[in-house]
Structures are given as C-alpha cells and as structure tokens.
2 protein chains.
Amino acid sequence: MAITPAAGSPRSASVKDVAATAGVSLGTVSNVLNRPERVSRTTRERVERAMADLGFVRNESARSLRTGSTQSLAYVMLDAGNPFFTDVARGIELAAEAAGLSLFLCNSDGRSAREGAHLAHLQQQRVQGILITPVDPDDPQIDQLSERGTPVVIVDRTRAGSSFCSVAVDDVLGGRLAVEHLIDAGHKRVAYVGGPESIGQVRDRGEGARQAWTEAGLPPEDLITLSCEAPTVAAGRAAGERLVGLPARRRPTAAFCANDLIALGLLQQTISSGRTVPGDLAIVGYDDIEFAAAAAVPLTSVRQPRQDLGRRAAELLLDEVGDPAHQHEQVVFTPELVARASTLGRP
Amino acid sequence: MAITPAAGSPRSASVKDVAATAGVSLGTVSNVLNRPERVSRTTRERVERAMADLGFVRNESARSLRTGSTQSLAYVMLDAGNPFFTDVARGIELAAEAAGLSLFLCNSDGRSAREGAHLAHLQQQRVQGILITPVDPDDPQIDQLSERGTPVVIVDRTRAGSSFCSVAVDDVLGGRLAVEHLIDAGHKRVAYVGGPESIGQVRDRGEGARQAWTEAGLPPEDLITLSCEAPTVAAGRAAGERLVGLPARRRPTAAFCANDLIALGLLQQTISSGRTVPGDLAIVGYDDIEFAAAAAVPLTSVRQPRQDLGRRAAELLLDEVGDPAHQHEQVVFTPELVARASTLGRP
DNA sequence: AACCTCCGGTGAAACGATTTAGAATCTGGA
DNA sequence: TCCAGATTCTAAATCGTTTCACCGGAGGTT
C-alpha cells in the first residue's frame with residue numbers, strides 16, 4: 001500500500017528511516033543496497049520489507065556525491081529528427097545497456113548554444129562520459145570537458161590533433177563515390193546541395209565531390225554548389241525551387257545532396273513540379289536512411305554503418321572509462337554507394 | 001590555460017578551493033553562483049576569475065542534494081526511431097528550453113523492462129518531472145512514481161481514472177476517419193495492419209476502424225486484421241508479403257496501417273513486387289510524418305498535431321511542478337485526414 | 001583456558017554545495 | 001565624530017548515501 005505522508009510534506013524516506021523501521025543500523029541498510037551478500041538473509045529481508053513499506057527511493061544525488069561517479073552516459077546528437085542519428089543512438093544504447101548504464105539523449109538541434117548548455121549540464125551532473133556529434137568539433141568546450149575529467153568520444157566526425165577517441169565514416173570518400181557515380185552516368189553539370197557550411201560533414205562531402213569532379217577533368221564551374229540553411233526536408237524543397245529558377249543552360253542534370261533529408265525534399269519538389277527523376281534530374285542522397293528506399297523514386301544514397309558507428313563509439317567510451325591504460329583511437333568506417341532508381345531508372 | 005593537476009589526482013576544484021584562491025569566504029562564492037546581484041562587481045569578478053583558473057565545475061549532485069531539486073525533465077519515448085515521437089520531443093524541448101530546464105530523452109523502444117529501468121533511474125535522479133509515452137499506461141510503476149512525488153504527464157495516451165495530466169489525440173476517431181475515407185472510395189475488403197496489440201494506440205485505431213466498418217453496415221469478416229510484430233517499416237514489408245499470400249477472393253483492396261512506418265513498408269513491398277498503389281492496393285497511414293508526403297506514392301495519412309502535443313504536455317508538467325493548486329487535466333486533440341495519391345490517384 | 005578468525009553488524013566521518021544568524025568591516029554623508 | 005547602508009565574514013548545520021575502522025560473539029584450534 002502506498003504511504004501518504006502528512007499532507008504538505010511528501011519528503012521521501014531516507015536510509016535513516018529505513019534503518020529505524022527495520023531496527024538496524026544505517027550501515028546495514030547501505031550494505032543491503034550495495035553488498036547484499038554480506039548481510040544475513042533474515043536481516044536483509046527485514047530491511048527490504050521496510051524499504052517497500054516506506055516507499056524508499058535511493059537518492060542518486062547523494063549517492064553520486066559520495067562515490068563521485070554516476071551510472072549514466074549521454075549522447076548529444078546533432079539532430080534528433082534525422083533518422084540517421086537515431087540509428088546511431090540505438091547502437092550506443094545497445095552497448096550502454098549491455099554495460100548496465102543508462103543513456104541520456106540530448107538534442108543540440110544544430111545550435112551551438114544549445115549544445116553548450118547540454119554539455120555544461122552533463123558535466124555538472126558528472127556523467128561517466130559523453131558521446132557527441134558536435135556542431136563544431138573544434139569547439140574548445142569539448143577540450144575543456146576532457147581536460148576536466150569527462151571522457152568524450154566524437155561520433156561521425158574526426159579531429160586533427162586528436163586527443164579524443166572518435167568514430168567516423170570517410171565523408172570525403174563518400175562525396176567522391178556519389179559524384180563519380182554521377183559522372184559515370186554521363187552527367188556534365190551537377191549541383192552539390194548542402195548546408196550550412198558550418199557543419200563539417202557538409203564540407204567534407206562537398207570536398208569529396210569537388211575532388212572527383214576535377215580529377216575527371218571537368219570544368220569546376222559546372223559543379224555548382226547550392227547552399228541551404230539546414231540539412232532538412234524543407235530546405236531540400238527550397239533548393240529544388242532555386243534549381244528550377246536557374247537558366248536552362250546553367251541548370252544541372254543531377255544533384256548530390258549532403259544528406260537524405262535534403263534529397264527527399266528535393267525529390268518531392270521536383271516531382272510535384274512536374275519534372276521527372278532521374279530524367280530531368282538525377283538525385284543522390286547520403287546516409288541511406290530507411291526512408292530513402294521507400295521514396296517516390298527509390299533514392300540512390302551513400303550508406304554508412306549507422307548502428308555500428310554508435311556501438312563502436314560507445315565501446316571506445318566504455319574502454320576509456322574503465323581502462324586506465326586506455327589509448328585514444330580514431331576509427332574510420334568506409335561508406336558504400338547504394339544505387340537505386342533515382343540515378344538509374346528510365347526517365 | 002588548462003590546469004593539469006598533479007598526475008593521478010584529477011579531482012576537480014570545489015567551492016572551497018575557489019574561495020581560497022579568490023581570497024573570499026565560502027558563502028561569497030555561493031552568492032556569486034546563486035545571487036550574483038548581492039555581490040560587488042570587483043569581488044564577483046575576482047571569484048569568477050578564480051573559478052576559471054581552477055576549472056571549477058559546480059557539482060550538481062551536491063547542489064541538488066542540498067536544495068532537493070534538479071533542473072531537468074525527461075521524456076521517455078516509445079520509439080526514438082519513429083519521426084512522430086521525435087517531433088513530439090521537439091515540442092517538449094521548446095517548452096523546456098523556455099523554462100530554463102534541460103530535457104533528457106530516454107528510449108524505451110517499446111520494451112517494458114527498458115522503460116522500467118529508465119523510470120527507476122529518473123526517479124532516483126529526482127528529475128523535476130517525467131513525460132512518458134508508456135508501453136502500457138496502466139503500468140503500476142507510473143502510479144508509484146506519482147505517489148512518491150515525481151509528477152508524470154502521459155503523452156499520446158489517456159488513462160481511465162486519471163490522476164494524471166495527459167495529452168492525447170483521439171485515436172478511435174483517427175481510425176474512423178481512415179476507414180470512412182476508404183469506404184467512401186468504394187472499398188469492400190480492407191485490412192487493418194497494426195501491432196502489437198499491447199500498444200494502446202494500435203488497439204484504439206483498430207477499434208475506430210471497426211466502428212466505422214460496422215456502422216457502414218459492412219460484414220465484419222471483410223475487415224481483416226493483419227497483426228505485425230512491431231510498428232516498423234520492416235514489419236510493414238512483412239505484412240505486404242502476407243497480404244500477397246492471401247487467396248484473391250479474400251485479398252483486401254485497401255489497407256489502413258496503424259502508423260506511417262508500417263504504411264511505408266507496405267507501400268514499398270507492394271510496389272517492388274510489381275503491383276500498383278492505389279490500383280491494386282490503396283493505403284492509408286497514420287501520423288503524417290514528414291516522410292509520408294515524400295513516399296513512392298504520396299501517402300494518405302491521419303495527421304496529428306505532433307509538436308503541439310509535446311508543447312502542451314510540457315506546459316502541463318511545468319504547471320504541475322510550479323503551481324501548488326494544480327488541477328490534473330486531460331487534453332485531447334482531434335486528428336485530421338490528409339488525402340493523397342495513395343488512396344486517390346489513378347491506378 | 002587463551003587465542004585467533006569469521007561473520008554480521010555498528011557509528012561516525014566524509015562527499016560538496018547551500019543557507020542562515022550574527023558579527024565585522026567599509027563607504028560616504030550629516 | 002557618528003550613523004546608515006552595503007558588503008563580506010565566520011561558523012555551523014544540513015541534505016542522504018557510502019565507507020571504514022571497530023566491536024561482540026560464535027566457533028575452531030592449540
């Protein structure tokens with residue numbers, strides 16, 4: 001039965017209260033909680049009974065104050081609305097669960113300020129470690145976290161001098177794969193649709209695109225860049241409208257999008273404005289999220305091992321937390337092009 | 001510059017250390033942190049300087065132990081991979097941010113055990129309040145949370161006797177809208193594709209479908225139920241295969257899916273197996289997630305005010321936390337059918 | 001009988017921040 | 001010189017849990 005304390009003071013029971021009702025000392029209650037094997041069965045049951053009767057809930061603040069550590073990890077994600085990141089999160093979760101830790105998801109939504117607020121709060125909470133897909137991987141706040149004792153693993157990005165573990169996919173290579181595929185299909189004018197430039201993934205994929213383009217000996221001005229405000233479906237639609245607005249002789253016959261959300265938006269706008277894919281415009285996306293294959297025209301996309309990315313990142317973090325001899329490691333996965341109708345089909 | 005403490009003891013600085021280096025008393029440091037207006041500018045700057053030099057990070061455990069409250073909310077979501085819930089989460093986040101609170105996202109992934117673990121942990125952390133889309137809204141653990149002083153708001157579900165605030169959308173009505181739409185289009189054999197039955201939304205939408213069906217005077221056995229293991233794209237594909245396996249005279253001409261993920265999977269399987277939508281099979285989804293409109297055939301779907309749902313839920317929670325005279329409230333939004341090509345187009 | 005070893009249990013001292021009462025110091029006017 | 005007001009100080013208590021040195025008794029060994 002639920003105990004309703006005198007109205008107005010619903011202060012929850014403490015170990016002291018439990019000790020009193022069970023008729024044992026405070027230390028014994030703590031032993032029941034933390035080293036039950038050291039307590040005789042009869043006493044243990046008496047204490048457990050008292051805890052149930054009083055509705056005792058261990059106070060994690062007090063516990064972690066005393067022990068100096070918590071049982072949680074956090075993943076600060078760049079965009080919780082992007083299925084790519086939720087798949088990464090799932091991989092992290094599996095590893096965290098296996099290690100008996102709780103995982104908190106925080107969404108920075110691409111905003112530095114929000115990311116900063118989350119990080120500060122997590123640091124104050126003394127989480128065991130933080131996984132982050134940063135808005136800007138060179139943000140000094142990330143160094144500061146690590147210097148002050150919170151292990152950090154960078155997800156889906158790498159850093160130059162790296163005093164961090166990181167897990168990433170080769171975005172430059174991904175960009176090359178996409179554009180080489182379009183060049184192979186005979187396209188001579190291609191748009192790279194991505195943005196904002198502040199996002200490293202966007203820059204790297206664009207860089208890969210340019211490399212492939214110039215190495216094929218094509219004139220640089222025929223690879224145009226369409227910058228969008230955010231890597232979202234809405235921004236993809238907007239980019240589609242700008243594309244239509246271009247004079248026909250400048251208009252690209254194919255678009256490589258920095259991610260699948262943009263690609264889906266662009267695809268949607270293209271079709272609903274009466275043009276065809278890939279006839280009027282071939283489209284390549286990036287991430288190969290589950291929805292890419294189910295799109296109006298199944299989307300050619302650059303696949304990343306999303307869940308493995310998360311799992312591996314969490315493993316690195318757990319190793320850093322647990323092993324004093326931990327060595328930082330930069331894992332780089334290789335992306336893979338998945339060709340579908342949006343670049344292959346008949347117009 | 002970063003302070004690297006003597007190797008092996010990276011214990012972070014406390015208010016006491018800050019006070020010592022700034023040459024002020026402990027109480028003054030506390031005032032700088034909590035009531036900066038009471039401290040003269042020069043002292044305040046001296047203290048802030050000391051904090052920066054020492055790399056002081058306030059210990060949230062100690063703070064919340066002493067004050068008895070934290071600065072965080074949590075949303076325990078049913079499926080972080082479903083864009084519907086991430087949109088709801090975004091609404092919650094906006095409200096939390098406006099109130100200066102941090103929001104932690106936890107994913108139960110449809111599993112009771114995982115949900116329970118998250119709830120227990122959040123309760124021990126003494127979060128200010130919990131928003132939850134529960135696996136089972138009648139789970140006694142939810143009552144227990146609330147009885148022991150953690151306010152809970154139920155999102156996207158309602159409960160009978162309700163001693164909780166809740167925000168939901170009328171799922172029975174949503175089911176009716178979907179099936180009435182199919183009946184209007186002349187369909188005489190319809191499948192309801194959803195699962196598992198343990199999810200209330202799935203049951204309610206199915207119930208609405210049945211109501212519309214029988215009220216139209218159609219024979220109950222012509223509304224068949226295809227139960228799937230989980231409300232996911234993969235399950236939708238699997239359902240598509242089972243549908244094909246039915247004898248032609250039993251095979252439905254339309255399907256109403258419990259959510260858009262299932263619908264997209266079903267759509268994808270239908271098209272890739274060479275049949276047409278809506279010619280061979282009309283499809284109605286539920287949630288109207290952003291990807292629904294961008295699907296192979298734009299998807300007719302039942303729209304819910306996702307973000308408003310989250311925002312309103314968070315507001316109710318904040319009211320419950322802040323206002324001692326708080327009255328529980330059950331908000332029910334009305335869904336709306338958005339008709340697109342998957343039920344309208346030419347075969 | 002004296003000694004040792006376990007086992008189960010005790011009680012006080014931390015952990016770090018906040019809060020409070022009451023006293024001390026400083027500033028600039030009257 | 002003295003006072004009012006602002007600012008800071010000292011010292012101590014408190015939040016709830018964990019930890020650790022210690023203790024009493026049961027049982028075995030010499």
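Every chain is numbered from 1 and lettered A, B, ... according to where its sequence line falls, protein lines coming before strand lines.
Looking at the side chain of B:Leu33, the nearest of the listed nucleotides C:dT10, D:dT18, C:dT18 is C:dT18. Of the candidates C:dG8, D:dG16, C:dA17, C:dA17 carries the atom nearest the B:Phe56 side chain, counting heavy atoms from C-beta on. Checking D:dT18, C:dT19, C:dG8 against every side-chain atom of A:Asn34, the shortest atom distance belongs to D:dT18.
With DNA chain D read from its 5' end, the first of the two nearest nucleotides for A:Arg58 and B:Gly23 is the one closest to B:Gly23.
Using a 4.0 Å cut-off on heavy atoms, the residues of residues 59-67 of chain A that approach DNA chain C are A:Leu65, A:Arg66, listed by number.
Side-chain polar atoms of B:Asp156 and B:Gln201 form a donor-acceptor pair below 3.5 angstrom. For the 3.5 Å distance criterion, the side chains of B:Ser64 and A:Ser61 qualify, holding a donor opposite an acceptor.
Within 4.0 Å (heavy atoms only), B:Ser25 reaches at least one base atom of the nucleic acid. Counting non-hydrogen atoms under 4.0 angstrom, B:Val29 reaches nothing in the nucleic acid.
Contacts of B:Asp17 classified as salt bridge (charged side-chain N to carboxylate O under 4.0 Å, His left out), with partners at least two apart in sequence or in another chain: none.
Rounded to 10°, the helix from C:dA1-D:dT30 to C:dA30-D:dT1 has 60° between the axis fitted to its first five pairs and the one fitted to its last five.
Close to C:dG8, at under 4.0 Å from its OP1 or OP2, lies no side-chain N or O of A:Thr43. OP1 or OP2 of D:dC9 lies within a sub-4.0 Å distance of a side-chain N or O belonging to B:Thr28.
The aromatic rings of A:His121 and B:Phe104 sit parallel, their planes meeting at an angle under 30°, below the 60° perpendicular limit.
Distance, A:Arg44 CZ to C:dG9 C1': 15 Å, rounded to whole Å.
When each of A:Arg312, A:Arg306, A:Arg311 is checked for a salt bridge (charged side-chain N to carboxylate O under 4.0 Å, His left out) with A:Asp308, only A:Arg311 meets the rule.
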